Amino acid sequence: MANHSTSSHSRYLQHHFVDAEQQFDAAKMGMWVFLVTEILFFGGLFAAYIVYRLWYPELFVMASEELNTLWGGVNTVVLIGSSLTVAMAIKSAQLNQKRNIAINLGITLALAAIFMVIKYFEWTHKFHLGIFPGEFYAYEGIDHPKANVFFSLYYLMTGLHGLHVIIGIGLMIWLLVRSVKGHFDSEYYTPVEITGLYWHLVDIIWIFLFPLFYLID
Amino acid sequence: MDALNDLLLPPAKSTLAHQTDTLFWFVHLSGLVLTIGLIGVLIYFVIKYRRESEDEVTPLITHNNKLEVTWSVIPLIMVLIVFGWGYQVFMEQRVAPDDAYEVNVTGQKWIWQFTYENGARTNGELHVPAGRPVKLIMNSSDVIHSFYVPDYRIKQDVLPGRYTEVWFNAPEPGESIVFCTEYCGTSHSDMTAKVIVHEEGEFENWLADNAGGGGMPEDLAPAEWGEQLAQEWACSTCHSADGSDMTGPTWQGLFGHEVQLSDGSTVTADENYIRESILEPGAKVVDGYPNVMNTYQGQLNDEQINAIIEYIKTLK
Amino acid sequence: MSTEETNLKKIQVQRYEPESDPDQHYLNEETGIWAWLTTVDHKKIGLMYLASVTFFFFVGGIMALLVRTELWTPAKTFIEANTYNQIFTLHGAIMVFLFLVPSVPAALGNFFLPLQLGAKDVAFPRLNLLSYYLYVAGALIAIVSIVNGGIDTGWTFYTPYSSTTGGAVTTMVFGVFVIGFSSILTGVNFITTIHKMRAPGLSWDKLSLFSWSLYATSIIQILATPVLAITLALVGLERLLGIGIFDPALGGDPVLFQHFFWFYSHPAVYIMIVPGFGIVSEVITTFSKKHIFGYWAIALSSLAIAFIGFLVWGHHMFVSGQASLASMVFSFLTFLVGIPTGIKMFNWTATLYKGSIKLASPLLYIFGFFFLFLVGGLTGIVLGSIALNVHLHDTYYVVAHFHFVMVGGMVMAFLAGVHYWWPKMTGRLYNETLAKIACGIIFVGFNVTFLPQFVMGSLGMPRRYFNYIEQFQVYHQISTIGSYILGIGFVMIFYYLVKSIYTGEKASPNPWGSRALEWQVNSLPPLHNFHHTPVIINGPYDYHKPMDEFQLGLAESGNGHGTEVDVSSTEEKPQAE
C-alpha cells in the first residue's frame, strides 16, 4: 500500500479501499441508502396516519387542539436551526477551520438537547391530563370514542422521531469529541458529512410531523 | 373429463362452480403444455450438446431480439386472457342477485352460528333452500375466520367489527362441508359445519319448526337435550365428558366438587358457578387453563343453560 | 500513467496465475476462535452465515417432519393440537426469517460478491459483522420466546389473533424485528459495494448476473424490510400497550395489518428467490461453457421483478374483504410480474443451445430447479387468477405452490450454489457420485411430498389443520413418506460435504473451467482476495475467448476506480507478495 498517488490521503483509509475518494463516496452512498430505509420505516406509520385520518377526520381536528402549537413551533425552529449548524460544521471542515467544526457541532448538540427537553415537557403535561397511549388512555376532554387511536399514533410517531434525535445526540457527542481531538480537516471529514445527512433526515421528518399533528383545522 | 374433474376437484354443487372449473382446467392444461415443451427442449439440448471433450469451443450467441420479444409477448397475451377470465368469473360470483335469501353467519372460536329471518338459529348446520340464491351476511365475534365451501368454490374471510358477504345457489338437495380457512387457534381444524340443502317446500317446513329457536324438543329429557346442546354449541370441543384433558377442564365429576381457581381461591361447582362460567367465562378461571372461552351471553337462553347444567350433573 | 481529459486511463497490467493450495489463505492468516468471532473478512462472515443457516435449516426441517408425522392420521397421531400449531408456526418462521432470507445473499453473497467485483471486501466490513451479530441476536431472542411460552400464530402473525393469543408473541416479533435490521444492513452494504467497489474495467455490462441479482435483492431488502419492522413493532406494542391500530375492539383495522404485512412479505418472496436466479445464470454458463443468452434481459428482469414485486401484495388478500377494484389491480400486476420470470426461464434454456454441456452435480441441481420452479411459477399463475384464488386460497394448493417455489426453486438453487462454489470456499472437492445420488433423492422426495398436496388442496383441504376429514388421508400419507425421503437427501448432502473437508481431494483454482472472476484467484483465496488491484478485461461469460486470456490482470494499486480502462500490457508474471 505504499504507492498511493499524492492526492490520496491515507490517515484513515481502510485497507479495502483503493483511495480516500472511494472511501468517502462509499460512506456517503451507504448513508443515503440507509436514509431510504429510514423513510420507509417511518412510511409505515405515515400510512397508518393517512388511513386513520381518512376514517376519522373530525377526530384529528378535535384531538389536535390538545397539542401545544407554540411549543411545537419552537421545536420546529430549533430543529431547523440545528440542521443549519450541522451544515456549517461540514462547511467549516471543507474550509479546514478545525475550531469552527467543534463550535458548530456544539451548537447542534445544544439545540438537539433543547428539542428533547421541550418534548419531555409536552409529554409529561399530557400524562398529567391522563392522555396515555392505547388502552391506558384516561382523558375525558375529547368527545370521541377513538381518541386513544389518535394519541397512539401521536406517541408512536413523535416517540420514534425522538428516538432518532437521541441517537443523533449520541452521534454528535462522538463527533464533538473527535473534532476537539482534531481528527477532522478538509482532507477527512466523512463522519461529519454522513452524520449531517442523517441529521437532515431527522429534521425533515419533524417538518412533516409538525403540521400533520399540530396544525390541523 | 368428468373423471379428471373428480380426481382434482370436489363435486360442483353450485350453479357457478363449473365456471371456476373450466378456467381451472384451461390454466392447468396450458401450463402443462408449456412445462412439457420447455422441459422437452431442455432435455433435447442436454442430449444433443453434451460435452464430448474439454476443449470444445462454443459459439458466441449473445442475444436475439426477435426471440426475446416473442417469448415476452406470447406469455403476456396468455396471462392477460387468464386475468380477464378470472376477473369476470370472480365478479359474477361476487354480486349476489337481489332476490337472494339472506342468512346471518357468526364465526367464533370454534363454531359457526347461523341465524334466519324468523329467529331460527342453528350451530354447525346451515339449512338452505335448493335452487334459490342464498346470501350470507357474516361477522366474527373474536378473531378472523374464513367461510369456505369447496363444493361451491366460494370463500370469504369473516372479520370482527365488519360485515362481509358471500352468496351461492345450490340447485340440488344434499349436503356439503364448510371449513374455516383462516387460522384461528387451537381447534381451528374442528371449526367445520355442514350446508344442508332442502327442497323448497321442505325448507319452509324446517324453518317453521325452528322459528324462535332454542325450545326444548318434546321427546328429550333436559339432560339429553343438554348433551345435544353441548355438541351443537361446540362445548365438547374444549370440555371432555370422560375426564380427558382438553383446552378447558373436563366436565366429568365437576358438579358439586371443589374447583381450584387461578387466583388461588376455591369454589364449589354448583348451578350458579356453572351458569356464571357460561355467561362470564373470565370471572372465575380454573387454575392451569388459559382464559380463552367466549361468553355465551345472549346466545344460550336460560332454558338451554339449565339443560346443559342438568347434563353436567349426570357426568359423575 | 496518462491522465488525459477523457475518461480513459492507460494501465500497465501483469497476468497472474492462481495457485491451488497456497501457503497463505483466508483460513490460516488469522486463527483462533476470537479471530473468527471478530473477523471483518467477508469470506469468513459468509462461512459463519452458511453454518448458521444450515443449522436453522435442519431445525426447521425437523419441525416439518414433526408436522408431517402428526398428519399421518386424520385425528391426533402423537402430539396435541396446541403443540402442532406451535410447531408449524416455528417451521414457517424459522425457514423464512432464519434460513431463506439470509441463505443466498448473506452466506454465498457475502463470500462471492466482493470476489466477483474484484474488491478486497464489502464497502463496510464492520457493518457486515454487525449484521451477522444482529442475525444471531434475533435468532437467540426467537429461541428464548420458543422456550418461554411458544408462538402459535402462524408465521404471518395475523391480527387480532396475534394480539390476543397467549404465548411469547411479543418477544418473537422483537426477534424478527432485530433480524430485519440485519437484513437491511446487508442490503445497504451490498448496494454500496456494487456501486462503489467494482474493480477498474468492471463496467455494468461486465457485472456477473449473480451480482445483478444480489443488487435487485438488496433493493427489495432496504425498501420492504423496514415496513415489516414497523408493522411487527406495532403488533408488539398492541400487546404491551393496546395501541389499537390493528385491533377492531379498540377502533383499529385487522385488514390494515394484512396490507402492511404483505407489503413486506410478498417482496420478501423475491428476496428469497431472486438471488437463486443469479446462481442459475452462473452455473448454467459454467457447465455449458457458453456465453449467457440475453444478458440484459436477465439482468434487467431481476430489477423489473424487484419493482413490480412491490405492487402485488394484495393478491394474498383476495378473500379478505378488500374492494373488488383493488383485487382486480393486484391480480393484473401479479400476472405482469410473471413475465420477467418467464423471460429468464426462456433465456436460460436458450443459453444451452449449442453449448458444451457437462452434467456435473451443480447443473443437475439447476435442472431440478428448472422443473420445480416452473411448476411453482405456473401454479402461481393459477393462484393469481382471482376466481381460482377464491377456491384455492389457504388450502394445501397454496402450501404446495410456495414450497415448489421456495424449496424447489430457492433451496435447489442454493444447493447448486453450495456445490458450485464448495471448492472455492473449502479448497476441496466433494464426492461427485454421492452428490448426484443425493440430488436424485431430493428431486424424487420433493415431488412425492408436494405433488399430492396440489391434489388435496384443489379438492378443498385447508392449510394449518390439525384434524382433517378422512377423504384426504391417502394424500397426507404419501406426502409424509415423501418428506422422509426428502429428509434423507438433505442429511446425505450434509454428510458428504462435511466429509470432503477432511478427506476430499484438493481442488484446483478453477475446477469447472469457469470464466468468472472468483475462479481466477487462489483456491483458497487470500485473506484480502487480491494483493493488488485486479483489472477486468473480459466479461464473466466470455467463453468464446481462450482460457489463458482470463488469468487475472493485476495493476499496481492506486489506479482509481470508476474509470474506463485501456489495457496496454499483458506480460505474464506470478503475483508479487
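Keep in mind that this is a model prediction, so the values were computed, not measured.
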- Message: Can you tell me if Phe127(A) has over 12 outside heavy atoms packed within less than 6.0 Å of its CZ?
- Response: yes
Check your understanding: What's the verdict on side-chain contact (heavy atoms from CB on, under 4.5 Å) for Met197(C) and Gln22(A), showing C-alpha distance, side-chain angles and the deciding distance?
Key -> CA-CA 8 Å; Met197(C) 303 297 284; Gln22(A) 187 187 28; 3.8 Å; yes
- Item | Beyond-backbone contact of Leu153(A) with Ile245(C), side-chain heavy atoms, under 4.5 angstrom | yes
query: Any chance CH2 of Trp123(A) has more than 12 other-residue heavy atoms, nucleotides or ligands included, within less than 6.0 Å?
result: yes
### Message
Tell me whether the count of non-hydrogen atoms from other residues, nucleotides or ligands lying under 6.0 Å of CZ in Phe174(C) goes above 12.
### Response
no
Closest heavy-atom pair, His16(A) versus Val122(C), reported as atoms and distance to 0.1 Å, is CD2-O, 3.1 Å
Bottom line for Val40(C): the part with an atom under 4.5 Å from chain A's heavy atoms is neither
So, the part of Ile184(C) with a heavy atom under 4.5 Å from chain A: the answer is side chain
Checklist line | Thr192(C) side chain vs Ala26(A) backbone, donor-acceptor pair below 3.5 Å | finding: no
Honestly, the part of Phe42(A) sitting under 4.5 Å from a heavy atom of chain C is neither
The side-chain contact (heavy atoms from CB on, under 4.5 Å) partner of Val36(A) among Ile191(C), Ile219(C), Leu223(C) is Leu223(C)
When the 4.5 angstrom heavy-atom criterion is applied to Asn189(C) and chain A, the contacting part is neither
**Message:** Determine whether Asp253(C) and Trp55(A) satisfy the following criterion, side-chain contact (heavy atoms from CB on, under 4.5 Å), listing intermediate values before the conclusion.
**Reply:** CA-CA 11 Å; Asp253(C) 182 16; Trp55(A) 283 344; 3.1 Å; yes
So, the part of Leu256(C) with a heavy atom under 4.5 Å from chain A: the answer is side chain
Under 4.5 Å to a heavy atom of chain A? For Phe257(C) that would be neither
Under 4.5 Å to a heavy atom of chain C? For Tyr56(A) that would be side chain
Applying a strict 4.5 Å limit to non-hydrogen atoms, the region of Ala229(C) in contact with chain A is both
So, the part of Glu38(A) with a heavy atom under 4.5 Å from chain C: the answer is neither
Turns out that what part of Ile39(A) lies under 4.5 Å from chain C's heavy atoms comes down to neither
Separation between NE2 (His195(C)) and CH2 (Trp32(A)), nearest 0.5 Å, reads 14.0 Å
Q: Would you please indicate if the ring centroids of Phe124(C) and Phe34(A) are separated by under 6.0 Å?
A: no
With chain A, the option among Ser218(C), Gly187(C), Ala233(C), Pro125(C) that has the most non-hydrogen atom pairs under 4.5 Å is Pro125(C)
Kindly determine whether Ile230(C) and Leu156(A) satisfy side-chain contact (heavy atoms from CB on, under 4.5 Å), including the steps that lead there. CA-CA 10 Å; Ile230(C) 199 72; Leu156(A) 277 172; over 6 Å; no
The side-chain contact (heavy atoms from CB on, under 4.5 Å) partner of Ser152(A) among Leu237(C), Ile243(C), Leu241(C) is Ile243(C)
CE of Met29(A) to CD1 of Ile194(C), rounded to nearest 0.5 Å, is 9.5 Å
Okay, Leu234(C) and chain A: the region with an atom under 4.5 Å from a heavy atom over there is side chain
Q. Looking at side-chain heavy atoms only, is the closest gap between Arg126(C) and Gln14(A) below 4.5 Å?
A. yes
Tell me whether the rings of Phe41(A) and Phe181(C) are parallel (<30°), tilted (30 to 60°) or perpendicular (>60°). perpendicular
Applying a strict 4.5 Å limit to non-hydrogen atoms, the region of Leu185(C) in contact with chain A is side chain
